[in-house]
S.K.: 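The structure that follows is given in the form of structure tokens.
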Amino acid sequence: MIKIYNTLSRQLEEFKTIEPGVVRWYNCGPTVNGLMHLGHARSAVAFDIIRRYLEYREYKVRYIMNFTDIEDRMIEVATNEKRSVLEVAEEYLRGFRRDMRALNLKEATIHPRAMLHINHMIEFIQKLEEKGFAYENNGDVYFDVRKFKEYGKLSNQKLDNILQEGTEDAKNPNKRFVADFALWKKKKPGEPYWPSPWGEGRVGWAIECSTMSMEYLGDTLDIHSGGQDLIFPHHENEIAQSETLTGKPFAKYWMHNGYININKEKMSKSLGNFTNVVDLLKHYSADAVRIFIAQTHYRSPIDFTEDIIDQAQNTANKLFEIFLLIKCFSKKEDTDSSLVESDNEMLKTVEQSRVAFVEAMNEDFNTSNAFAVIFNLTKEANDYIRKSDEVKLEVVQAIDMFFDELRSVFGIFEDIDEDDSTKTIGTLVELLIELRQEFRKDKNWTMSDKIRDNLKEAGITLEDTPKRILWKLTEQK
RNA sequence: GCGGAGAUAGCAAAACCUGGCCAUGCUGCGGUCUGCAAAACCGCCGAUCGGAGUUCAAAUCUCCGUCUCCGCUCCA
């Protein structure tokens with residue numbers, strides 16, 4: 001049984017989809033007005049792993065992640081850079097797609113763009129108006145939050161406490177009530193606009209997500225997710241509009257990931273401490289970044305420092321080595337001899353690890369504990385390869401199969417394999433190892449060390465273990 | 001002011017809902033193995049913010065306090 005923490009109820013709930021075996025999931029995507037930064041990455045990777053886990057548990061996941069390409073901040077950037085909103089959108093959309101691929105994020109089922117759904121949004125607003133929950137004033141259209149009795153249920157706020165007088169938005173004379181939010185905004189000079197029943201203008205932010213999610217997933221979603229900062233007002237507003245329109249719950253489970261701080265400070269433009277994914281990937285592998293994110297539970301805050309990402313890179317390198325070692329052994333010839341006790345114990349450990357892994361992930365996707373399981377298993381696997389009298393194919397293949405599962409859930413080292421050039425090198429290296437063993441038998445340390453040292457210089461590290469000699473290509477990063 | 005999250009070893013982090021010898025990773029120290037080295041494995045060091053309460057038993061529940069972060073304005 002999978003348990004999910006639901007922001008709406010503020011507790012763990014059993015995960016039950018509306019349609020058995022199918023997950024309808026809308027993840028609030030980014031506004032494409034800049035480069036993908038660490039905050040986007042945290043959210044995207046955390047939910048990517050959860051999605052992959054649900055797929056691992058054989059759910060069919062319909063995963064929608066939007067790109068917001070028309071919004072206040074888009075216009076702001078376009079104005080500053082003296083370009084059209086469309087140009088800005090195109091550029092950063094490409095950037096996001098590139099960085100998302102680099103981070104090995106699975107492609108969403110659909111990545112809808114707001115600008116292509118304006119007509120549906122207008123229809124949505126019209127229906128709200130017909131129902132009497134929206135009102136037009138001077139070319140703007142607002143949602144009348146006081147009519148939606150449950151407003152504030154997601155963010156756990158009372159209407160009286162929402163929006164203090166004195167904020168800029170509260171002074172807007174077109175609104176009847178301070179907390180009312182814009183569904184449609186009258187065009188301003190120089191801004192992109194669309195025709196509508198209320199005159200020329202553009203859509204409000206929250207209506208974009210409501211419209212697109214319902215268009216692709218129906219009236220009620222299983223999961224709606226995003227960063228914690230979206231709880232209010234964005235998701236609160238989505239609930240108000242959507243539930244007013246359909247009279248049904250908008251989403252069963254609301255999931256929100258924790259923030260990333262940089263050296264104990266919020267990542268923000270004014271502090272100039274944005275860490276962009278492109279820059280990060282210049283120094284660290286995507287696997288390290290994903291491990292860095294997955295080692296903390298998705299709801300906990302992360303304080304990003306260089307030290308921590310270095311540690312994650314270190315962990316990534318170690319995992320890579322044992323993964324590759326097992327992968328290589330899983331492709332060797334079978335030995336024909338029957339399993340001994342230590343083999344059976346290893347097989348048992350793999351099975352127990354799988355159970356423990358599933359248990360950890362079932363508990364609101366406890367990736368920290370899942371990693372603890374992985375580390376414990378890699379210890380055993382390392383021992384098995386180095387200390388068994390004979391490495392049995394059946395055993396390494398069982399380990400490798402589970403490692404494959406882990407790699408695909410966490411989205412790390414998915415392309416791990418020997419390529420052809422490695423195989424050729426392997427044949428040569430094994431020849432040299434044999435030669436070196438001859439020298440070692442004769443206690444000719446000068447020659448044996450020379451082989452080892454020269455190989456090391458060539459980027460190949462030898463490892464003398466009790467039972468056999470292992471070799472590996474020296475890490476690049 | 002209102003709402004939320006949090007404080008666990010040198011660093012990171014889990015367990016907290018559902019009370020029962022504080023997982024796990026990195027670092028440091030020692031050991032095993034080895035001709036040596038490296039690796040790997042084993043062991044050790046070391047922590048529940050402070051105070052009170054409930055309890056046979058508290059990191060976990062309750063209360064008080066201190067501190068940090070976030071939201072209430074565009075944010076993942």
Side-chain angles (χ1 to χ4, degrees), chain A residues 3 5 7 10-12 27-31 33-34 36-47 68 71-74 76 152 155-158 160-164 166-170 179 205 225-234 236 256-261 264-269 291-292 295-297 299-303 305 307-315 318-319 321-322 325 356 360 363-364 366-376 378-387 440 443-445 448-449 452-453 456 461-467 470-472:
Chain A
K3 286 191 200 161
Y5 180 87
T7 307
R10 284 174 289 281
Q11 57 191 6
L12 288 180
N27 183 37
C28 262
T31 299
N33 67 337
M36 185 175 191
H37 59 63
L38 198 52
H40 297 120
R42 205 254 165 121
S43 183
V45 170
F47 290 125
T68 298
E71 211 258 313
D72 290 14
R73 288 165 300 145
M74 291 298 302
E76 201 182 302
S155 54
N156 196 27
Q157 299 182 84
K158 295 197 174 68
D160 304 343
N161 297 329
I162 294 171
L163 289 184
Q164 301 296 300
T167 64
E168 200 172 324
D169 211 35
W205 178 38
S225 58
Q228 260 164 12
D229 51 326
L230 294 180
I231 296 173
F232 190 89
H234 189 55
E236 196 72 72
H256 294 97
N257 65 274
Y259 245 79
I260 285 199
N261 295 323
K264 300 222 159 118
E265 280 179 322
K266 186 186 169 177
M267 189 162 55
S268 74
K269 275 192 178 141
I291 288 168
F292 155 71
Q295 274 189 309
T296 305
H297 188 259
R299 284 191 282 115
S300 302
I302 297 182
D303 186 35
T305 62
D307 195 41
I308 301 170
I309 187 81
D310 282 340
Q311 287 182 13
Q313 183 67 62
N314 203 337
T315 303
K318 286 193 170 193
L319 283 177
E321 282 183 18
I322 179 63
L325 200 57
E363 199 69 17
D364 196 31
N366 194 327
T367 47
S368 307
N369 279 339
F371 267 99
V373 174
I374 296 175
F375 291 130
N376 283 327
T378 56
K379 270 186 212 170
E380 304 279 337
N382 267 319
D383 243 9
Y384 182 78
I385 289 288
R386 288 172 177 80
K387 292 185 183 160
R440 291 181 76 201
K443 299 200 192 300
N444 186 343
W445 311 125
S448 72
D449 284 355
R452 186 171 67 193
D453 293 346
K456 178 123 195 175
T461 309
L462 294 191
E463 185 185 329
D464 298 338
T465 75
K467 301 288 180 188
L470 304 175
W471 67 275
K472 67 182 179 204

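Convention: sequence-line order gives letters A, B, ...; per-chain numbering from 1. Just so it is clear, the structure is predicted and the values come from calculations on it, not from any experiment.
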S.K.: Heavy atoms from C-beta onward define the side chain here; which of B:rC41, B:rA76, B:rU34 lies closest to that of A:N382?
M.R.: B:rC41

S.K.: I need the OH-P distance between A:Y259 and B:rG4, as an integer number of Å.
M.R.: 19 Å

S.K.: When we call it a touch if two heavy atoms are under 4.0 Å apart, what does A:T465 touch: a base, just sugar-phosphate, or nothing?
M.R.: nothing

S.K.: Could you tell me whether A:R299 contacts a base, only the sugar-phosphate backbone, or nothing, with contacts defined as non-hydrogen atoms closer than 4.0 Å?
M.R.: nothing

S.K.: Can you tell me which nucleotide in B:rC41, B:rU24, B:rC74 comes closest to the side chain of A:N376?
M.R.: B:rU24

S.K.: What interatomic distance, in whole Å, is found between C1' of B:rC64 and the corresponding atom of B:rC21?
M.R.: 30 Å

S.K.: Tell me the interatomic distance from A:I302, atom CD1, to B:rA5, atom P, rounded to whole angstroms.
M.R.: 18 Å

S.K.: With heavy atoms under 4.0 Å as the rule, sort A:K443 into base, sugar-phosphate or nothing.
M.R.: nothing

S.K.: Kindly point out which of B:rG35, B:rA12, B:rC41 is positioned nearest to the side chain of A:I308?
M.R.: B:rA12

S.K.: Going by 5.5 Å between centroids and 30° between planes, is there a stack of A:W445 over B:rG35?
M.R.: yes

S.K.: Are A:D453 and A:K456 close enough for a salt bridge, meaning some N to O gap below 4.0 Å?
M.R.: no

S.K.: State whether the distance check finds a donor on one side and an acceptor on the other, under 3.5 Å, for side chain A:D449 versus base B:rG35.
M.R.: yes

S.K.: Separation of A:N444 atom CG from B:rC36 atom C1', in whole Å?
M.R.: 14 Å

S.K.: A:Q311 side chain: which of B:rA76, B:rA13, B:rC26 is closest?
M.R.: B:rC26

S.K.: Say we look at B:rC67 and B:rC74: how far apart would their C1' atoms be, to the nearest angstrom?
M.R.: 29 Å

S.K.: NA contact type, A:S300, heavy-atom cut-off 4.0 Å: base, sugar-phosphate, or nothing?
M.R.: sugar-phosphate

S.K.: CG of A:L470 versus P of B:rA39: gap in Å, rounded?
M.R.: 14 Å

S.K.: Rounded to whole angstrom, note down the C1' distance from B:rC33 over to B:rG43.
M.R.: 15 Å

S.K.: Out of B:rA5, B:rU27, B:rA76, which nucleotide sits closest to the side chain of A:I260?
M.R.: B:rA76

S.K.: Can you tell me which nucleotide in B:rA12, B:rA40, B:rA37 comes closest to the side chain of A:R452?
M.R.: B:rA37

S.K.: Picking from B:rC72, B:rA14, B:rA23, which would you name as closest to the side chain of A:F232?
M.R.: B:rC72

S.K.: To the nearest Å, how far apart are A:R386 CZ and B:rA40 C1'?
M.R.: 4 Å

S.K.: Who passes ring pair (Phe, Tyr, Trp, His ring centres under 6.0 Å) against A:H297, sequence neighbours left out?
M.R.: none

S.K.: Can you give me the N/O atom pairs linking the protein to nucleotides 15-19 of chain B at distances under 3.5 Å, or say none if there are none?
M.R.:
unit_1, atom_1, unit_2, atom_2, d
B:rA15, OP1, A:N366, ND2, 2.9
B:rC17, N4, A:E363, OE2, 3.2
B:rU18, O4, A:K3, NZ, 3.1

S.K.: Which nucleotide sits closest to the side chain of A:S43: B:rC41, B:rG35, B:rA76?
M.R.: B:rA76

S.K.: Between the base of B:rC26 and the side chain of A:D310, is there any donor-acceptor pair under 3.5 Å?
M.R.: no

S.K.: Rounding to an integer number of angstrom, what distance separates B:rU8 and B:rU60 when you compare their C1' atoms?
M.R.: 12 Å

S.K.: So if I take every side-chain heavy atom of A:H40 and compare against B:rA76, B:rC41, B:rG71, which nucleotide ends up nearest?
M.R.: B:rA76

S.K.: Taking donor-acceptor contacts at under 3.5 Å, does the side chain of A:D303 reach the base of B:rA12?
M.R.: no

S.K.: Determine the Euclidean distance between corresponding C1' atoms of B:rC16 and B:rA5; express it in Å to zero decimal places.
M.R.: 14 Å

S.K.: Is there a donor and acceptor pair, one atom on the side chain of A:Q295 and one on the base of B:rG25, closer than 3.5 Å?
M.R.: no

S.K.: Which nucleotide in the list B:rA76, B:rA14, B:rG35 gets nearest to the side chain of A:S368?
M.R.: B:rA14

S.K.: May I have the distance from A:I309 (atom CD1) to B:rA12 (atom P), rounded to whole angstrom?
M.R.: 14 Å

S.K.: B:rU54 pairs with which nucleotide, Watson-Crick or G-U wobble, both distances below 3.5 Å?
M.R.: none

S.K.: For a quick test of reading the model, state the closest non-hydrogen atom pair linking A:N257 to A:G227 and the distance between them.
M.R.: OD1-CA, 3.3 Å

